[in-house]
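Inspection log for the structure reproduced underneath, given as structure tokens.
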Amino acid sequence: MKFQSTRSASPALGFRDAFASGLAPDGGLYVPESLPPMPDSLLNGSADSYPNLAFEFLRHFDTDHTADELKSLIDRSYQGTFDDSATAPLRQLADDLFVLELFHGPTLAFKDFGLQLVGNLFEDQIQRSGQAINVLGATSGDTGSAAIHGLAGKKGVNVFILYPKGRISPLQERQMTCTAADNIFPIPIEGSFDDAQLMVKELFGDLEFKAEVGLSAINSINLARVLAQAIYYFHAWAQLPAAARANDPTFVVPTGNFGNILAGWLAGKMGLPAKHYSIATNRNDILYRLFTSGSYQPGDVNASLAPSMDIQVASNFERFLFYHLKENGQQVSEIMQRIGDGEDLQIPDFDSDAFKATHSSDEDITSLIQQVYQDHNYIVDPHTACAFKDLDRSHTNIVLSTAHPAKFPDTIHDAIGQHPTHPSLEKLKQRSPVTYPQAAKASAIREFIRANRA
Ligand SMILES: *Cc1c(COP(=O)(O)O)cnc(C)c1O
């Protein structure tokens with residue numbers, strides 16, 4: 001299988017090369033050249049374990065590794081790293097209401113599904129090329145910690161994660177700073193997430209420096225993350241009782257960068273017979289506005305109780321746009337250019353039936369946590385809570401639970417008067433954090449990486 005750029009002006013690459021380059025040279029994102037129909041075994045549950053199912057899926061896309069190599073990459077990613085034997089267990093709350101728990105990985109959020117695999121793919125790349133890499137990223141929380149846990153202790157790679165000091169949750173900070181791994185460099189900076197992101201962009205734009213240290217990214221646009229995330233939609237389906245399958249199942253997905261829900265929608269194009277995909281946003285509702293009106297209007301980002309969805313530019317949207325525009329890379333390029341210029345945009349022929357959408361205020365989030373607890377005796381985290389807004393109960397709903405509630409104890413306490421806990425978070429409290437504070441200037445970060453590179 002080859003991977004093509006959404007802007008159609010770069011050559012198609014095999015899996016390993018597309019993975020290693022991240023962004024295509026023409027500025028586009030890689031997508032598979034075709035979306036093959038998945039075999040029945042993926043839908044009827046006969047691919048029993050999560051790793052088996054992952055192999056049945058990924059072997060269509062990663063045709064660079066041998067079957068044994070791919071199996072080994074998958075086993076290292078999903079076996080013994082998740083704390084539930086089903087990896088992504090499906091909980092039933094009512095006849096036609098299910099929650100797919102995606103928070104059983106090392107950092108208790110769904111990003112572990114993508115970044116555990118990405119960590120092992122980086123290791124594989126380093127072993128093949130013999131060249132060390134240095135991973136640089138900025139995080140407002142979950143991505144940085146999932147990347148750190150995907151790469152902690154691996155040889156030939158050092159990880160530099162910038163984050164806004166005092167503006168991420170204390171538990172998220174502990175997940176990044178208490179790893180005890182000497183290849184991990186969490187860097188608090190004065191400023192906002194956007195300031196951190198700008199420095200990262202500047203350093204990636206310094207091509208000489210990028211080549212000098214073998215700089216690599218871990219952002220949500222990497223195609224391996226999207227593919228890894230499609231797997232659990234099939235896994236959910238395999239666990240769904242026949243009666244629930246027959247009642248128009250809809251996946252409801254807490255959404256920020258559009259990565260998670262895009263993975264589900266692509267699974268649909270490969271034969272997953274879900275009726276709908278529903279986008280749940282918080283008060284940063286650019287995607288809600290897009291899918292209810294067809295117009296794409298980035299606004300200011302406002303802090304919310306669901307911080308990992310505090311995003312107003314949904315980077316993976318470009319992949320959806322590519323398919324929506326019938327794979328016309330030229331048109332994608334023009335539209336992305338206009339979005340980059342800050343234009344308010346009406347997307348041509350926008351079929352908003354492809355997705356449903358809701359948005360939740362902070363007040364909604366608190367009352368949804370209360371309501372789900374009262375109705376089902378089940379505690380949802382503030383991101384997952386958004387998925388319960390205006391739920392249409394006339395058909396089967398599968399809510400994707402993106403984080404464990406114990407990651408957001410204060411919000412849960414405000415809603416229901418309880419502090420949820422998790423053993424892995426309790427353990428973190430006994431370790432001392434290690435951080436490497438730097439001045440909020442790209443030049444300072446550049447020097448720090450030079451001095452501490454792999
Ligand atoms: C990252 C994240 C999201 C948003 O996912 P996208 O792929 O960016 O749409 C939702 N919930 C949690 C807990 C997250 O960490």
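Just so it is clear, the structure is predicted and the values come from calculations on it, not from any experiment. In this chain, residues are counted from 1 in sequence order. Ligands are counted one by one from 1 in listed order, and the atoms in each one are counted from 1 as well.
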Considering only N or O atoms, set out every pair between ligand 1 and the protein closer than 3.5 Å, with distances to one decimal place.
from, atom 1, to, atom 2, distance (Å)
ligand 1, 7 (O), Gly259, N, 3.3
ligand 1, 7 (O), Asn260, N, 3.0
ligand 1, 8 (O), Asn257, N, 2.7
ligand 1, 9 (O), Gly256, N, 2.7
ligand 1, 9 (O), Asn257, N, 3.2
ligand 1, 9 (O), Phe258, N, 3.1
ligand 1, 11 (N), Thr402, OG1, 2.9
ligand 1, 15 (O), Lys111, NZ, 2.5
ligand 1, 15 (O), Asp142, OD2, 2.5

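Applying the side-chain contact (heavy atoms from CB on, under 4.5 Å) criterion to Glu426, with sequence neighbours excluded, gives Thr421, Lys429. In this structure Arg167 satisfies the side-chain contact (heavy atoms from CB on, under 4.5 Å) test together with Pro164, Ser192, sequence neighbours excluded. Listed by chain and number, the residues in a side-chain contact (heavy atoms from CB on, under 4.5 Å) with Ile416 are Ile369, Gln370, Tyr373, Ile379, Ile412, Gln418 (sequence neighbours excluded).
Among the candidates Ile189, Thr435, Ile187, the single residue satisfying the side chain to side chain contact (heavy atoms under 4.5 Å, CB included) test with Tyr163 is Thr435.
Centroid-to-centroid, the aromatic rings of Phe113 and Tyr232 come within less than 6.0 Å.
Proximity of Val434 to Thr177: side-chain heavy atoms (C-beta onward) are nowhere separated by under 4.5 Å.
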